[in-house]
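Read the structure below first, then the notes.
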Protein chains: 2
Amino acid sequence: MKIGELSRRTGVPTRLLRYYEEQHLLHPDRTDNGYRDYPESAVQDVQQIRGLLDSGLTTQMIRAILPYLSGPDEILLPAEHLTPDTAALLQGHIDRIQARIECLARNRDRLREYLAAVRPEGEEGAVRS
Amino acid sequence: MKIGELSRRTGVPTRLLRYYEEQHLLHPDRTDNGYRDYPESAVQDVQQIRGLLDSGLTTQMIRAILPYLSGPDEILLPAEHLTPDTAALLQGHIDRIQARIECLARNRDRLREYLAAVRPEGEEGAVRS
DNA sequence: TCGAACCCTCACATCAGTGTGAAGGCAAGG
DNA sequence: CCTTGCCTTCACACTGATGTGAGGGTTCGA
């Protein structure tokens, strides 16, 4: 798949697809004429990347964890390649993500409480025009 | 409290405290000589802001929701000030935060699964030096 | 063969969040 | 009084993520 199609199918501008490649988040191979050639799975990959970026992770952190997110089908790294170091790194990333989740959840709850408290006026979410 | 003390107590550089003010996230008043004068509550406020920024929210979004986060003690806006518009805006913010949480949680789980799958080698999280 | 619609790289621009330093006012202690 | 350490504003600079455009090659259909 060429970059234009991937862009259309994911809604992500080609500029960003090239950027993600520059950041080593995507690795399309090239056809003879130099065009990028993406596998079908790239669609999922791009959505994954977008979600994580939107959640406030940097490309660097995404690059670090992406290899371990590829799919539940099979484990990529045999255990002998998972040094204690790598495991610790990974655990650190997990912890950071967890901290973010907690912060966001806390604030979401407070916003919900506020909203609930301030409009007990019989509105149950239905938006009436 | 002057800016230096707030900085020391929060670990946030004075530069950023001034920046947050410029972004209308903080509103210290001024003493006669022009020094910023923060209330005690600013310590909490700054930590709140930092947490949200670290979670990937922009100052703009934080500015939008901060007024509603001030404290569970009392509702700031009387119901008559909460137009349906504002409520919808707020709900939109909540939804975005929720989406982030879900994305992060999903990926956290996948990382955890990976880590668990790849090291069933009797290590139960204890880091041995 | 020509034009439209792709693709390429390069590079400058923008925005948010920061770092850093200059140039100067105020306050307290030796 | 003078130094030291706060405080002030102003301003330039960097990074990461993204927009945008220039300049140029490729593919394909009319």
Side-chain angles (χ1 to χ4, degrees), chain A residues 1-39 42-43 45-66 93 96-97 99-100 103-104, chain B residues 1-39 42-43 45-66 93 96-97 99-100 103-104:
Chain A
M1 174 185 348
K2 286 185 286 185
I3 200 173
E5 185 184 345
L6 182 58
S7 171
R8 255 170 275 121
R9 287 175 57 183
T10 58
V12 175
T14 60
R15 170 65 173 92
L16 289 190
L17 297 176
R18 298 200 181 96
Y19 175 66
Y20 299 154
E21 179 180 1
E22 193 182 311
Q23 297 300 308
H24 303 104
L25 302 180
L26 295 174
H27 338 77
D29 40 69
R30 303 293 183 121
T31 61
D32 320 21
N33 51 22
Y35 287 12
R36 288 168 180 80
D37 186 26
Y38 296 91
V43 176
D45 293 345
V46 169
Q47 283 159 354
Q48 181 88 28
I49 292 168
R50 286 291 342 159
L52 292 171
L53 278 176
D54 285 347
S55 303
L57 302 204
T58 66
T59 54
Q60 165 180 333
M61 190 161 166
I62 297 175
R63 180 166 53 245
I65 64 176
L66 205 51
H93 288 310
R96 264 191 296 282
I97 290 175
R100 279 182 144 110
C103 177
L104 288 172
Chain B
M1 172 187 351
K2 286 185 286 183
I3 199 173
E5 186 184 345
L6 182 58
S7 171
R8 255 170 274 122
R9 287 175 57 184
T10 59
V12 175
T14 61
R15 170 66 174 92
L16 290 190
L17 297 177
R18 298 200 180 95
Y19 176 67
Y20 298 154
E21 179 179 0
E22 194 182 312
Q23 298 300 308
H24 303 106
L25 303 180
L26 295 174
H27 339 77
D29 40 71
R30 302 295 181 117
T31 60
D32 319 20
N33 51 24
Y35 287 14
R36 287 168 179 81
D37 187 24
Y38 296 90
V43 176
D45 293 346
V46 169
Q47 282 158 354
Q48 181 91 18
I49 293 168
R50 288 288 344 159
L52 292 170
L53 279 176
D54 285 347
S55 301
L57 303 205
T58 67
T59 53
Q60 165 181 334
M61 187 161 168
I62 297 175
R63 180 167 52 243
I65 64 177
L66 203 52
H93 287 311
R96 263 193 296 282
I97 291 176
R100 283 183 154 149
C103 176
L104 289 173

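Below, chains carry the letters A, B, ... as their sequence lines are ordered, and counting in each starts from 1.
At least one donor-acceptor pair under 3.5 Å links the side chain of B:Asp37 to the backbone N or O of B:Met1. Checked by atom type and distance alone, the side chain of A:Thr10 pairs as donor or acceptor with a backbone atom of A:Leu6 at under 3.5 Å.
To the nearest 0.5 Å, atoms CG (A:Asp54) and CZ (B:Arg96) are separated by 10.5 Å. Put simply, CG on A:Leu16 and CD on A:Gln23 are 11.0 Å apart, with the number rounded to the nearest 0.5 Å.
Atom CG of A:Leu57 and atom C1' of D:dG16 are 13 Å apart (whole Å). Atom CG in A:Asp54 sits roughly 14 Å away from atom C1' in D:dG16 (whole-Å rounding). Atom NZ of A:Lys2 is separated from atom C1' of C:dA5 by 10 Å (rounded to the nearest Å). Straight-line distance from the CG atom of A:Asn33 to the C1' atom of C:dA5: 14 Å, rounded to whole Å. For B:Ile49 and C:dG17, the CD1 to P distance is 11 Å, given to the nearest whole Å. In this structure, the CG atom of A:Asp37 is 17 Å from the P atom of C:dC6, given to the nearest Å. The distance between atom OH of A:Tyr38 and atom C1' of C:dC6, rounded to the nearest whole Å, is 14 Å.
At a threshold of 4.5 Å between non-hydrogen side-chain atoms, the residues B:Val12 and B:Arg50 count as touching. The side-chain heavy atoms of A:Leu26 and A:Arg36, taken from C-beta on, include no pair separated by under 4.5 Å.
Taking side-chain N and O atoms only, A:Arg36 has no distance below 4.0 Å to OP1 or OP2 of C:dC7. Side-chain N/O atoms of B:Arg50 include one lying less than 4.0 angstrom from OP1 or OP2 on C:dT18.
Of the candidates C:dG17, D:dT18, C:dC8, C:dG17 carries the atom nearest the B:Thr59 side chain, counting heavy atoms from C-beta on.
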Steps toward side chain to side chain contact (heavy atoms under 4.5 Å, CB included) verdict (A:Leu66, A:Asp45): CA-CA 9 Å; A:Leu66 205 51; A:Asp45 293 345; 6.0 Å; no

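Across residues 4-27 of chain A, A:Gly4, A:Arg15, A:Arg18 each have a non-hydrogen atom less than 4.0 Å from an atom of DNA chain C (numbered order).
Of the residues near DNA chain C, B:Tyr35 and B:Leu53, the one whose nearest nucleotide (by heavy atom distance) lies more toward the 5' end is B:Leu53.
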